[in-house]
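Worksheet for the structure shown next.
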Amino acid sequence: MHVIDPANHMRSLSELMKKPEIDQIDIGFKKREEVVKAEKSAEDRVELERKSRHMQLKIDISSLASENLQVYRHFRVFDDLFGENVFFENVQKLDVAFQDHHLVHSGNILTAETTVIAPEVSIESVGKGKGFNTILMVNLDGNATEKRGELIHWLISNIPDGEGIQKGEEVMKYLQPLPFYGTGYHRVAFVLFRHQEKVDFKIGGGSSLEERVHSISDLYKSHESQLTPSAIRFFQTSYDKSVKTTLHSLGLKSPLYEYEYRQALKPAQREFPEKPQPFDLYLDMYRDPKEVEKEILEKRLAEVKLDHVEEPEWIDPNWVENKKTLPAWQHDRILERRDVGNAKYHNDL
């Protein structure tokens with residue numbers, strides 16, 4: 001419920017609910033001036049419309065300007081990297097590609113298996129051979145330790161302008177993203193910094209996951225006078241078998257996370273419930289779920305051969321006899337193809 005102040009009763013609800021605008025802090029370089037393209041003539045527009053209508057219009061995607069910071073704001077990439085209301089413009093071309101053809105754009109999804117090997121990185125030269133670049137690869141959702149910060153997967157500093165990343169200093173060796181099972185999609189960002197002098201980050205080599213956790217905001221503030229962010233890319237990835245393999249190679253176990261659902265609301269158990277229903281279903285509602293799963297598994301193992309699990313075509317061949325002699329609720333359980341009856345032949349646990 002929204003309480004309206006009597007002093008402002010003439011204002012509309014949209015005006016009352018409007019949040020105050022907060023000034024955004026730009027920590028990067030000035031945005032590049034866009035090249036003004038010549039306006040097409042009327043004849044060219046007609047020809048383009050004709051090709052579009054006949055599905056013959058071809059567009060060179062590489063020539064399109066697709067920089068849109070709203071994507072990064074939507075996924076809170078800037079907020080989780082540098083803090084609230086902070087951003088910077090992409091003023092330097094940064095190309096990142098895993099296994100040659102899996103490019104990193106602005107939030108596209110890549111499988112963890114494609115990121116096992118370090119990517120190819122291409123950095124535009126903007127200093128005419130002067131200055132240095134630093135590339136940082138960080139997982140914004142990968143910190144599973146008690147330490148505050150983000151998980152750094154790769155850090156190469158002091159890359160001479162116009163040179164490849166091989167000429168830089170590898171402060172932290174490459175480690176593929178490790179989205180643990182059950183933790184959903186992780187945001188992995190590549191941040192490019194420009195600086196005129198060499199920078200010593202004074203952080204460990206990352207021999208363990210805990211040593212790779214650093215607060216990117218604090219790391220940037222400690223070198224704020226030297227570093228200026230100039231480009232950013234990020235992708236999303238989730239768990240697959242390569243994550244487990246990498247963790248085992250590091251001597252670590254692969255944790256499993258599951259969502260803990262709230263228990264279903266149910267009325268207190270009564271001897272004579274108000275709503276008429278089969279007594280077996282009513283009692284099952286108050287049983288321990290683990291006990292029910294155990295009963296399902298025992299029935300499945302007792303009635304099905306383990307080497308050849310196949311659901312019979314006729315569930316109850318003695319239907320006529322059972323219909324006469326068995327209680328209705330017990331006969332229904334034999335005939336059911338859902339819940340317990342289905343689980344006997346389909347192991348979904």
Side-chain angles (χ1 to χ4, degrees), residues 22-30 69 71-92 94 96 104 106-107 118 121 123 131-159 165 168-180 183-237 250 252:
I22 302 176
D23 294 336
Q24 299 286 320
I25 303 173
D26 187 355
I27 61 174
F29 293 98
K30 183 180 178 181
L69 297 184
V71 177
Y72 298 90
R73 293 191 176 100
H74 174 75
F75 285 95
R76 297 184 58 83
V77 176
F78 289 131
D79 294 341
D80 292 339
L81 278 173
F82 302 106
E84 297 285 343
N85 305 316
V86 175
F87 77 101
F88 61 88
E89 299 285 351
N90 277 308
V91 298
Q92 192 172 3
L94 174 64
V96 182
V104 177
S106 301
V121 180
I123 303 174
F132 300 90
N133 297 308
T134 291
I135 185 73
L136 168 69
M137 177 182 174
V138 56
N139 188 340
L140 303 178
D141 307 299
N143 182 13
T145 66
E146 297 181 356
K147 187 177 178 181
R148 187 181 72 87
E150 294 76 41
L151 185 65
I152 298 177
H153 287 273
W154 203 21
L155 178 59
I156 301 179
S157 66
N158 304 324
I159 307 169
I165 61 174
E169 302 172 6
E170 192 174 43
V171 180
M172 198 167 291
K173 293 184 178 180
Y174 179 79
L175 176 67
Q176 79 159 100
L178 301 172
F180 299 140
T183 56
Y185 285 98
H186 286 207
R187 300 162 296 163
V188 182
F190 288 87
V191 185
L192 183 64
F193 297 94
R194 286 283 302 171
H195 46 100
Q196 295 301 319
E197 303 293 336
K198 288 190 175 181
V199 177
D200 183 10
F201 286 94
K202 298 179 181 180
I203 58 177
S207 57
S208 64
L209 291 182
E210 189 171 1
E211 289 184 5
R212 289 178 174 268
V213 176
H214 296 274
S215 172
I216 304 302
S217 177
D218 295 344
L219 186 65
Y220 170 71
K221 288 179 180 178
S222 62
H223 301 87
E224 188 175 6
S225 59
Q226 297 172 286
L227 299 177
T228 304
S230 59
I232 185 171
R233 297 286 183 271
F234 86 101
F235 68 95
Q236 302 177 76
T237 185
L250 297 174
L252 302 174

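- Here CD1 of I156 is found 4.0 Å from CD1 of I165. Values are rounded to the nearest 0.5 Å.
- The shortest distance between side-chain heavy atoms of V96 and F235 does not fall below 4.5 Å.
- Closest non-hydrogen pair, L94 versus A231, comes out as CB-CB, 4.0 Å.
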Side-chain donor-acceptor contacts of residues 172-180 below 3.5 Å, not counting sequence neighbours, with atom names and distances?
{"unit_1": "Y174", "atom_1": "OH", "unit_2": "T115", "atom_2": "O", "d": "2.4"}
{"unit_1": "Q176", "atom_1": "OE1", "unit_2": "T246", "atom_2": "OG1", "d": "2.5"}
{"unit_1": "Q176", "atom_1": "NE2", "unit_2": "A112", "atom_2": "O", "d": "3.3"}

Stepwise side-chain contact (heavy atoms from CB on, under 4.5 Å) test for L69 and N90: CA-CA 9 Å; L69 297 184; N90 277 308; 4.3 Å; yes
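- Annotation: side chain of D80 is not in contact with side chain of I216 (no heavy-atom distance under 4.5 Å).
- Side-chain atoms of F88 and D26, non-hydrogen and from C-beta on, do get closer than 4.5 Å to each other.
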Donor-acceptor contacts, no H, no angles, side chain residues 196-204, under 3.5 Å, sequence neighbours left out:
{"unit_1": "D200", "atom_1": "OD1", "unit_2": "K202", "atom_2": "N", "d": "3.3"}

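- We find the CD1-CZ distance between I135 and R233 to be 10.0 Å, quoted to the nearest 0.5 Å.
- Put simply, the side chain of F82 does not reach to within 4.5 Å of the side chain of K221, judged on heavy atoms.
- Counting all heavy atoms, side chain and backbone alike, F234 lies closest to A189 at CB-CA, 3.7 Å.
- A donor atom on one side chain and an acceptor atom on the other are found under 3.5 Å apart for R194 and N133.
- T134 is not listed as a side-chain neighbour of V171, based on a closest heavy-atom distance of 4.5 Å or more.
- E210 CD: 12 or fewer foreign heavy atoms inside a 6.0 Å radius.
- At distances below 3.5 Å, not a single donor-acceptor pair connects side-chain atoms of R148 with backbone N or O atoms of S215.
- Shortest non-hydrogen contact noted between Y185 and D141 is O-OD2, 4.1 Å.
- Between F87 and Y72, the gap from one ring centroid to the other reaches at least 6.0 Å.
- With a 6.0 Å radius and a threshold of 12 heavy atoms from other residues, nucleotides or ligands, K147 has its NZ atom above the threshold.
- Atom CZ of residue F190 and atom CD1 of residue I123 lie 11.0 Å apart, to the nearest 0.5 angstrom.
- Atom CG of residue L209 and atom NE2 of residue H153 lie 8.5 Å apart, to the nearest 0.5 angstrom.
- Remark: side-chain polar atoms of Q92 are not paired, donor with acceptor, to backbone N or O of S230 under 3.5 angstrom.
- In this structure the side chain of L140 reaches within 4.5 angstrom of the side chain of E150, judged on heavy atoms.
- Once rounded to the nearest 0.5 Å, the distance linking CE of M137 with CG of L151 reads 9.5 Å.
- No side-chain heavy atom of V86 sits less than 4.5 Å from a side-chain heavy atom of Y220.
- Within the model, atoms CD of E84 and CG of D79 stand 4.5 Å from one another, a figure rounded to the nearest 0.5 Å.
- Within the 4.5 Å cutoff, side-chain heavy atoms of Q236 are placed close to those of F75.
- Closest non-hydrogen pair, H186 versus N139, comes out as ND1-ND2, 3.3 Å.
- Contact between V77 and R187 at its shortest, heavy atoms only, is N-NH1, 4.2 Å.
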